[in-house]
Protein chains: 2
Amino acid sequence: MYTESAVSYQREFATQARGKAPKCVHIKTPCATCLARELCLPAGLTESQLERLKELFHVRQRIHAGQSLYRAGEGFAAIYAIRSGFFKTHMISEDGRDQTVGFHMAGEIMGMDGIGSQRYTCDAVALEDSEVCIVPFALLEEMSVEVPQIQNRFHKLMSRELVRDFGMLLLLGSMRAEERLAAFLLNLSQRFAARGYSASEFNLRMTREEIGSYLGLKLETVSRTLSRFQKEGLIQIWQKQVKLLDHAALKGLVKA
Amino acid sequence: MYTESAVSYQREFATQARGKAPKCVHIKTPCATCLARELCLPAGLTESQLERLKELFHVRQRIHAGQSLYRAGEGFAAIYAIRSGFFKTHMISEDGRDQTVGFHMAGEIMGMDGIGSQRYTCDAVALEDSEVCIVPFALLEEMSVEVPQIQNRFHKLMSRELVRDFGMLLLLGSMRAEERLAAFLLNLSQRFAARGYSASEFNLRMTREEIGSYLGLKLETVSRTLSRFQKEGLIQIWQKQVKLLDHAALKGLVKA
DNA sequence: CGCCAACTTGATGGCTGTCAAGTCAGGTGG
DNA sequence: CCACCTGACTTGACAGCCATCAAGTTGGCG
């Protein structure tokens, strides 16, 4: 049961949060920004090369919240650049375990896991209404030959995905629940900040269960740990609205 | 303390194992096989293309057991194809956590994590005397432009690395100790088999601690679980010599 | 208004980490 | 050749973190 003070406090925060940001924020990103973020185009490309690159990204697709962009086992043909919205990628193992392998926001690329086997190995699900650019992979490879800079950018992109996964291996392999959650919140914060949004206040697009699936924890542990962070004054949290109050302390938790 | 019967049994197994395979097996792989495994060359390449590709792989380097091939933070210039031997890659976090992110054997490629930042993000350490082909990355990208098949093979290679990491996320995020170890043994078995070695009998090149670091477990848990597998008749294990006795039961553990 | 999914919180148990002691194998030096 | 030493490993006892089970709350939606 909630304590009296907790309830009133939480309601107050909820009202604040809603006042500032509508419940379902729709992140809009201009194409140039989107491209720039992951393929780093502006730097080092000539006008004509830029034109070629834009061809790659000109087909778009809208995905409603809850819908899948692609599913594990489907034939691979394209990778996807997120223009707006929020996705999770998850895989379901032979025996039914559901593991979230990533959360993805505007400017990030999904689907590269499908290149190796020519089939996607996980499902990509929109957690809010979203829009993606469809990048036919064969076309990307063709252009990579014509414009070596595109090739190089793509290699760096995939490599960074590998490094990101190494980070997750470290998290899952050696961190305790509170460290995982602190790292998770800081990571989201940093990524929102990089897109021009508040680093200290944002809303989670995913459920506690999805957070748990990503971090190797049960939803109750996620809930409990977030509640404890709030009790200790590290964050404010009400439903999916989060406010980071003590960035330094959270960092301390991860490094401790 | 070991029981009488366990001791005699283990000694017997150790003797058997030693009789069949010298303590430090040196895996030798002809260059063609090595290339074939990960870059899948024979298929679809013309004679001249094959020649170009061989240029990529002609510089070799020997690494003694215990030595590093590269270290986190070092400038990235090349990726490495393992010709023979056995490696682990591991990263040490800011706060000193040591996470093993992979074990690598003949025919596999290491170092792709360095492309994104132009610095390696982990250390690669030889667990036995090994030999690698040095593949200058700039050269690989140049050849990718000339020979699109090389480009495509490389993309598939990186993609498979991503998928492999997804598998590790699933393992670390949702499996219990015995499931992790069963999966680990089966994975090694399958990879040895793919190289023409016994699928049921091999020796571990890594310590219990390194296994633990890879699987997100403490060395005591690794040791205990392996001992239990032996007690239950799933495996025989004596030091680093392993023999899988009940492949099906191990598979059952992973899927259960 | 009622229902349901998402969430919070409590109680309890089990898996795995921690600490500790001891064994074993290999290498070194006398 | 043997004693010793060290790193790797095994095993036991215990504790703690997190999963599990369960009950109740909240907000959204029909």
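Just so it is clear, the model here is predicted, and its values are computed rather than measured. Labels below follow one simple rule: chain letters A, B, ... track the order of the sequence lines, proteins then strands, and each chain is numbered from 1. Quick note: numbers below take in every heavy atom, side chains included, and nothing from hydrogens, waters or symmetry partners.
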Anything under 30° is parallel, anything over 60° is perpendicular, the rest tilted; go ahead and classify A:Y120 against A:F76.
perpendicular

Would you call A:R224-A:E178 a salt bridge at under 4.0 Å N-O?
no

Intermediate values then yes/no, ring-ring contact (aromatic ring centres under 6.0 Å, His included), A:Y80 and A:F87
CA-CA 11 Å; A:Y80 299 91; A:F87 286 83; 8.5 Å; no

Atom-to-atom span, CG of B:L181 to C1' of D:dT10 - whole angstrom:
15 Å

Passes salt bridge (Lys or Arg N to Asp or Glu O under 4.0 Å), A:E108 versus A:R191? Steps please.
CA-CA 10 Å; A:E108 296 175 347; A:R191 285 156 74 194; 3.1 Å; yes

At under 4.0 Å between heavy atoms, what does B:G212 touch on the DNA or RNA strands: base, sugar-phosphate, or nothing?
nothing

Given the structure, check if the side chain of A:R224 and the base of D:dT20 hold any donor-acceptor pair shorter than 3.5 Å.
yes

Side-chain atoms of A:L217 come closest, of C:dT9, D:dA19, C:dG17, to D:dA19

Please work out which of the three classes, parallel, tilted or perpendicular, describes the rings of A:Y214 and A:F103, given edges at 30° and 60°.
perpendicular

Would you tabulate the nitrogen or oxygen pairs shorter than 3.5 Å linking the protein to nucleotides 4-6 of chain C?
none

Euclidean distance, atom NZ of residue A:K231 to atom C1' of C:dT9 [Å, nearest integer]:
9 Å

Expressed in angstrom and rounded to an integer, what is the separation of A:I237 atom CD1 from D:dT25 atom C1'?
16 Å

If I take atom CD in residue A:E220 and atom C1' in nucleotide C:dG10, what distance separates them, rounded to the nearest angstrom?
11 Å

Between C:dT8 (C1') and A:Q239 (CD): distance, integer Å
10 Å

Can a side chain N or O of B:T221 be found less than 4.0 Å away from OP1 or OP2 on C:dG17?
yes

Polar side chain donor-acceptor pair, B:T89 to B:H104, under 3.5 angstrom
yes

Quick one: does B:R176 reach the base of C:dG14 with a side-chain donor-acceptor pair under 3.5 Å?
no

Just how far, in rounded Å, is C1' of D:dT11 from CD of B:Q230?
14 Å

Among C:dC24, D:dT26, D:dT11, the one nearest B:W238 by side-chain distance
C:dC24

In whole Å, I'd like the distance from the CD atom of B:E178 to the C1' atom of C:dC15.
11 Å

Could you tell me how far apart A:L219 (CG) and D:dT20 (P) are, to the nearest whole angstrom?
10 Å

For B:D123 and B:S68, which I'm curious about, is there any donor-acceptor pair between the side chains at under 3.5 Å?
no

For B:S227, answer base if it contacts any base atom (sugar-phosphate contacts may also be present), sugar-phosphate if it contacts only those atoms, and nothing otherwise; contact means non-hydrogen atoms under 4.0 Å.
sugar-phosphate

